[in-house]
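Structure first, commentary second.
Residue numbers start from 1 in every chain, and the chains themselves are labelled A, B, ... in the order their sequence lines are given, proteins ahead of strands. For clarity, every value in this text was computed on a predicted model and none was experimentally measured.
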Amino acid sequence: MPLALQLMPILCALMPSLDQPQTKKLSALSHALLTWYDGNARSLPWRISPSDRRHGIIPDPYRVWLSEVMLQQTTVPAVRDFFQRFTDRWPSVHDLAAAEEGQVMAEWAGLGYYARARNLHACAKKVAGELDGVFPKSAAELQTLPGIGPYTAAAISAICHDERVGVLDGNVERVLARFHALSHPVRDLKPELREALTQTVPERAGDYAQALMDLGATICAPRAAFCDRCPLLPGCRAAKADPLDFPVRPEKKPRPSRFGHVFVMRDMDGRVKTGTRPRRGLLGGMHEFPGSDWTEGAEPGPQFPVEGHWKQAGKVHHVFTHFALTLTVWRLDLERRETGPDWVDEERLGDLALPSLFRKVAVAAGLEIR
DNA sequence: AAATCGGGGTG
DNA sequence: CACCCAGATTT
């Protein structure tokens with residue numbers, strides 16, 4: 001066995017890790033962090049500023065919940081406009097619960113992770129129907145609702161009711177991984193980390209959670225660390241070396257390349273053939289254009305959906321890197337007038353629950369789409 | 001425990 | 001292009 005491998009366990013044991021003294025150090029710095037937050041909090045549409053919060057203004061749980069679900073694995077810039085449209089259209093949980101699921105999906109189109117939209121609507125119906133429109137206050141109860149996991153439950157209860165729970169999102173994971181100089185991927189010790197964080201939460205639990213997240217977003221950022229402006233610098237282990245060495249990421253597997261065909265069929269009256277994807281799986285429940293399966297390794301045969309009714313076929317290769325997916329987009333202009341519920345006016349494609357992938361397909365096929 | 005689920009931003 | 005982001009759910 002190579003010497004390096006023999007030494008590995010010893011090196012790991014020597015590396016600083018999550019321990020009690022370090023947690024106490026963070027606890028001692030919590031007030032410095034809150035002071036930093038009072039002067040440096042980001043202004044966000046769903047947030048109550050620390051000043052307003054001190055004057056007794058309480059956040060609206062509906063808006064906090066909506067923002068937290070939208071922000072799951074999604075950046076603030078991407079969420080802003082969606083949050084504004086949702087709250088304009090559905091100002092309360094009752095309004096959202098009364099909406100058609102399809103309307104919610106259509107409004108969510110472009111934000112990604114579409115199971116979130118279905119869970120969002122299911123949760124709204126539950127809260128409006130069974131709970132008289134009042135969200136539960138404790139994290140434990142919140143986590144029983146669809147689409148609300150450990151993070152979102154803690155975030156809502158801390159921000160809205162100052163429940164003293166550890167709010168552990170990607171930003172806070174990074175801050176803590178650096179503060180403790182964790183030598184293992186956070187994934188492997190997330191429950192311990194969340195518990196340790198809970199021990200440090202002060203009275204202003206909501207502001208503390210948001211302070212840690214803002215610190216991760218602006219000071220202790222993924223690809224940069226401005227330690228000279230960090231209120232946690234005095235106790236931070238990574239700052240003594242290179243903060244960018246943390247967090248340690250687990251190896252990720254490459255995605256296999258996939259290939260497929262998509263058919264953008266347009267009849268003489270300007271109507272386009274659409275379909276609805278299964279509720280489960282990739283882009284579940286969203287609209288689509290018909291096409292082949294997306295197969296690994298090699299391109300499938302064209303599998304044209306119509307025989308002899310099209311007069312012109314434009315062919316465009318388009319690569320969608322997000323899915324490691326290469327699609328061949330076919331534009332089929334039909335000679336015969338088609339009818340049916342799946343045929344939609346080209347001008348109204350923008351109203352559909354069409355994910356970004358298929359919007360790009362439409363553009364690649366030469367359609368006008370808003 | 002690992003895989004899956006989108007899309008946009010950034011260096 | 002690779003990596004990351006206010007994670008949850010399914011397998």
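- C/dT9 and B/dG8 are spaced 24 Å apart, taking the P atom of each and rounding to whole Å.
- The phosphate of C/dG7 (OP1 or OP2) has a side-chain N or O of A/Gln73 nearer than 4.0 angstrom.
- Here B/dC5 presents its P atom at 18 Å from CH2 of A/Trp108, a figure rounded to the nearest Å.
- Put simply, CZ on A/Arg277 is 10 Å from P on B/dC5, counting in whole angstrom units.
- For the segment residues 52-69 of chain A, residues with any heavy atom less than 4.0 angstrom from an atom of DNA chain C are, sorted by number, A/Glu68.
- With sequence neighbours excluded, the residues satisfying salt bridge (charged side-chain N to carboxylate O under 4.0 Å, His left out) with A/Asp207 are A/Arg204.
- Nearest nucleotide to the A/Arg174 side chain, out of C/dG7, B/dG8, C/dC5: C/dC5.
- Whole-Å rounding puts the A/Leu283 CG to B/dT4 P distance at 15 Å.
- Every residue meeting the side-chain contact (heavy atoms from CB on, under 4.5 Å) condition with A/Asp52, not counting sequence neighbours, appears here in chain and number order: A/Ile48, A/Ser49, A/Ile57.
- Counting to the nearest Å, the C1' atom of C/dA6 and the CZ atom of A/Arg80 are 13 Å from each other.
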Only distances under 3.5 Å count here; give the side-chain donor-acceptor pairs of residues 273-284 of chain A to other protein atoms, sequence neighbours excluded, each with its distance to 0.1 Å.
unit_1   : atom_1 : unit_2   : atom_2 : d
A/Thr274 : OG1    : A/Asp342 : O      : 3.0
A/Arg277 : NE     : A/Leu282 : O      : 3.0
A/Arg277 : NH1    : A/Glu288 : OE1    : 2.8
A/Arg277 : NH2    : A/Leu282 : O      : 3.1
A/Arg279 : NH1    : A/Glu101 : OE1    : 2.8
A/Arg279 : NH2    : A/Glu101 : OE2    : 3.2

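- Pairs engaging residues 177-200 of chain A under the salt bridge (charged side-chain N to carboxylate O under 4.0 Å, His left out) rule: A/Glu173-A/Lys190 [sequence neighbours left out].
- For the pair A/Arg266 and A/Leu367, the minimum side-chain heavy-atom distance is below 4.5 Å.
- Taking only distance into account, the side chain of A/Arg42 meets the base of C/dA6 through a donor-acceptor pair shorter than 3.5 Å.
- Contact between the side-chain N/O atoms of A/Arg249 and the OP1/OP2 oxygens of C/dC4 is found at a separation under 4.0 Å.
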Under 3.5 Å, N/O pairs linking protein and nucleotides 9-11 of chain C:
unit_1 : atom_1 : unit_2   : atom_2 : d
C/dT9  : OP1    : A/Gly147 : N      : 2.4

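- Listed in residue order, the members of residues 190-226 of chain A having a heavy atom less than 4.0 Å from DNA chain C are A/Met213, A/Pro222, A/Arg223.
- Between A/Trp330 and A/Phe263, the two ring planes are tilted [angle within 30° to 60°].
- Partners of A/Arg336 under the salt bridge (charged side-chain N to carboxylate O under 4.0 Å, His left out) rule, at least two apart in sequence or in another chain, are A/Glu338.
- Pairs passing the side chain to side chain donor-acceptor pair (under 3.5 Å) check and including a residue from residues 56-68 of chain A, sequence neighbours excluded, read A/Glu68-A/Tyr151.
- You'll find that the side chain of A/Gln72 is closest to C/dG7, out of B/dC5, C/dG7, C/dC4.
- A straight line from CD1 of A/Ile156 to C1' of C/dG7 spans 13 Å, rounded to a whole angstrom.
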*Should A/Arg85 and A/Glu107 be marked as a salt bridge (charged side-chain N to carboxylate O under 4.0 Å, His left out) after you check the CA-CA gap, both sets of side-chain angles, and the distance that decides it?*
CA-CA 8 Å; A/Arg85 282 197 295 272; A/Glu107 203 68 72; 3.7 Å; yes
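- By the side-chain contact (heavy atoms from CB on, under 4.5 Å) test, A/Glu141 is found to be paired with A/Pro136, A/Ser138, residues two or more places apart in sequence or in another chain being considered.
- Shown here are the side-chain contact (heavy atoms from CB on, under 4.5 Å) partners of A/Pro45, two or more places apart in sequence or in another chain: A/Arg80, A/Phe83.
- Both A/Asp188 and A/Gly284 sit near DNA chain B, but only A/Asp188 has its closest nucleotide nearer the 5' end.
- Residue pairs satisfying the salt bridge (charged side-chain N to carboxylate O under 4.0 Å, His left out) criterion with at least one member in residues 112-126 of chain A, sequence neighbours excluded, are absent.
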*Please walk me through it: do A/Arg337 and A/Arg271 pass side-chain contact (heavy atoms from CB on, under 4.5 Å)?*
CA-CA 9 Å; A/Arg337 183 172 175 276; A/Arg271 286 184 301 235; 3.6 Å; yes
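- Relative to the side chain of A/Asn171, the nucleotides B/dG6, C/dG7, C/dA6 differ in distance, and C/dA6 lies closest.
- As a whole-Å value, the separation of A/Phe83 CZ from C/dA6 P is 17 Å.
- Nearest to the side-chain atoms of A/Pro355 among the listed nucleotides B/dC5, C/dA6, B/dG7 stands B/dG7.
- Using a 4.0 Å heavy-atom distance criterion, A/Arg187 is classed as a sugar-phosphate-only contact.
- With hydrogens and angles left out, the side chain of A/Thr74 and the base of B/dG6 share a donor-acceptor pair within 3.5 Å.
- Nucleotide B/dG6 holds its P atom 13 Å from the CD atom of A/Glu288, rounded to whole Å.
- Here the P atom of nucleotide C/dA8 and the CZ atom of A/Arg118 are 17 Å apart, to the nearest Å.
- Only the C1' atoms considered, B/dG11 is 22 Å distant from C/dA6, to the nearest whole Å.
- Residue A/Arg47 is in base contact, counting any heavy-atom pair closer than 4.0 Å across all strands shown.
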